[in-house]
Amino acid sequence: MASAPSLFVTATLLVFIFGCCSTVNAQLSPTFYSKTCPTLLSVVRTAMNQAVTKEPRMGASILRLFFHDCFVNGCDASILLDDTASFTGEKNAGPNQNSVRGFEVIDTIKTRVEAACNATVSCADILALAARDGVVLLGGTSWTVPLGRRDARTASQSAANSNLPSPFADLAALISSFTAKGLTANDMTVLSGAHTIGQAQCSSFRTRIYNEANIDPGFATTRKASCPASSGNTNLAPFDTTPNGFDNDYYKALVGRRGLLHSDQQLFNNGSQDALVRTYSTNVAAFNRDFAAAMVKMSRISPLLGTNGEIRKNCRLVN
């Protein structure tokens with residue numbers, strides 16, 4: 001039987017262990033800022049409304065920015081960091097360079113949030129809210145965003161290069177990329193529905209429209225008009241016929257063999273996701289429901305919580 005002194009030491013150690021590390025068990029919550037920054041949601045929504053009204057494409061750009069953040073070391077706003085002497089950030093990684101956009105919009109939101117609630121709200125949470133609001137402003141579904149993330153103090157170009165799914169990826173590679181982040185094949189298929197808004201650069205779909213067989217000939221001809229075989233790399237084309245409307249036209253396009261990217265059409269190519277694509281192509285309510293759930297799930301990828309990370313004053317720079 002243990003002596004009284006040893007029991008006291010054990011109890012003290014347990015208090016120390018659980019007391020010092022309680023932040024490890026911190027959880028994201030939709031009400032995280034309800035007392036410390038009660039105007040947060042309206043500040044973000046107002047700024048996003050202004051940005052999307054000025055340029056509807058910005059809704060898609062912010063959504064993509066959030067996706068590219070979460071897939072690289074978690075939803076920690078690392079993608080917003082500029083390069084420094086101590087690390088090379090993610091902005092110039094292959095999947096992001098001259099492609100990911102919307103940084104100025106996040107800067108504007110951060111400035112307004114800081115004015116309302118100084119040093120309180122993370123850039124990671126601002127990005128999560130802005131992505132949701134962009135979808136809603138383009139006619140899409142809403143969801144309750146869990147909050148309480150903190151910001152990374154570093155970023156990784158190599159992780160961005162290796163973790164982000166390629167527009168040239170086959171179905172197995174896509175599923176593997178999402179599985180590595182705790183997301184299922186079905187999550188991958190519904191999150192790919194983000195391509196119902198926005199546009200892609202010619203360099204990302206040229207191979208598909210010139211070389212692939214599983215493509216509607218008329219669609220290929222149309223896309224070739226703005227994407228020459230050997231020039232026009234940055235020329236843009238919409239993912240579907242309603243690039244500024246969040247709907248299920250993306251899935252209708254896949255069923256019609258009009259997926260813009262190779263990775264898009266892989267979701268409907270005599271594979272495991274065909275049935276789900278057909279469902280979403282005819283049932284927009286099912287798509288909206290599943291998309292909202294998958295976005296919440298994605299937003300929970302490896303967040304920094306408690307005392308980890310920091311609350312950046314400037315989203316581009318560590319404090």
Side-chain donor-acceptor contact under 3.5 Å, [X] with [Y]:
{"X": "H195", "Y": "D240", "result": "no"}
{"X": "S122", "Y": "R149", "result": "no"}
{"X": "T88", "Y": "Q157", "result": "no"}
{"X": "S78", "Y": "E90", "result": "yes"}
{"X": "T184", "Y": "N186", "result": "no"}

Between [X] and [Y], what is the shortest heavy-atom contact and its length?
{"X": "C75", "Y": "S299", "result": "SG-O, 3.5 Å"}
{"X": "C123", "Y": "K110", "result": "SG-CE, 3.9 Å"}
{"X": "M58", "Y": "G102", "result": "SD-CA, 3.6 Å"}
{"X": "S231", "Y": "C202", "result": "O-SG, 4.1 Å"}
{"X": "A220", "Y": "I209", "result": "CB-O, 3.8 Å"}
{"X": "R132", "Y": "T144", "result": "NH1-CA, 4.4 Å"}

Has [X] got a side-chain atom pairing as donor or acceptor with [Y]'s backbone, closer than 3.5 angstrom?
{"X": "R112", "Y": "V44", "result": "no"}
{"X": "T46", "Y": "V43", "result": "no"}
{"X": "Y251", "Y": "V190", "result": "yes"}
{"X": "R312", "Y": "A152", "result": "yes"}
{"X": "T196", "Y": "G193", "result": "no"}
{"X": "N235", "Y": "S226", "result": "yes"}
{"X": "D83", "Y": "G89", "result": "yes"}

May I ask you to decide whether [X] forms a salt bridge with [Y], counting only side-chain N to carboxylate O separations under 4.0 Å?
{"X": "R150", "Y": "E310", "answer": "no"}
{"X": "D187", "Y": "K297", "answer": "yes"}
{"X": "D107", "Y": "R316", "answer": "yes"}

Would you say [X] and [Y] make side-chain contact, with heavy atoms under 4.5 Å?
{"X": "N73", "Y": "S156", "value": "yes"}
{"X": "T207", "Y": "H262", "value": "no"}
{"X": "F103", "Y": "K91", "value": "yes"}
{"X": "Q50", "Y": "T108", "value": "no"}
{"X": "V255", "Y": "F268", "value": "yes"}
{"X": "N92", "Y": "N96", "value": "no"}
{"X": "L63", "Y": "I197", "value": "yes"}
{"X": "I109", "Y": "C315", "value": "no"}

Counterpart residues, side-chain contact (heavy atoms from CB on, under 4.5 Å), relative to K313 (two or more places apart)
E114, N118, A119, N319
Decide yes or no on side chain to side chain contact (heavy atoms under 4.5 Å, CB included) for S281 and L254, but give the supporting numbers first.
CA-CA 8 Å; S281 74; L254 298 186; over 6 Å; no
Check the hydrophobic clustering (I, L, V, M, F, W, Y; side-chain heavy atoms under 4.5 Å; chains of links allowed) and say if [X] and [Y] are grouped together.
{"X": "L171", "Y": "F71", "answer": "yes"}
{"X": "F205", "Y": "L164", "answer": "no"}
{"X": "L28", "Y": "V121", "answer": "no"}
{"X": "V105", "Y": "L41", "answer": "yes"}
{"X": "L267", "Y": "L261", "answer": "no"}

Run the numbers on I79 and L65 for side chain to side chain contact (heavy atoms under 4.5 Å, CB included), then give the verdict.
CA-CA 8 Å; I79 195 171; L65 192 61; 3.9 Å; yes
Steps toward side chain to side chain contact (heavy atoms under 4.5 Å, CB included) verdict (K224, Y210):
CA-CA 8 Å; K224 287 175 183 177; Y210 283 97; 3.6 Å; yes
Check each of N288, T242, T241 against D247 using the side-chain hydrogen bond (donor to acceptor under 3.5 Å, both in side chains) test, and report the only one that passes.
T242
Identified side-chain hydrogen bond (donor to acceptor under 3.5 Å, both in side chains) counterpart of Q265 within the set R208, R257, R258:
R208
Checking L127, V100, L80 against D69 for side-chain contact (heavy atoms from CB on, under 4.5 Å), the one that qualifies is L127
As a quick check of understanding, evaluate side chain to side chain contact (heavy atoms under 4.5 Å, CB included) for N233 and Q201, giving each step before the final call.
CA-CA 6 Å; N233 281 352; Q201 295 184 0; 5.9 Å; no
With sequence neighbours left out, what residues match F246 under ring pair (Phe, Tyr, Trp, His ring centres under 6.0 Å)?
F287, F291
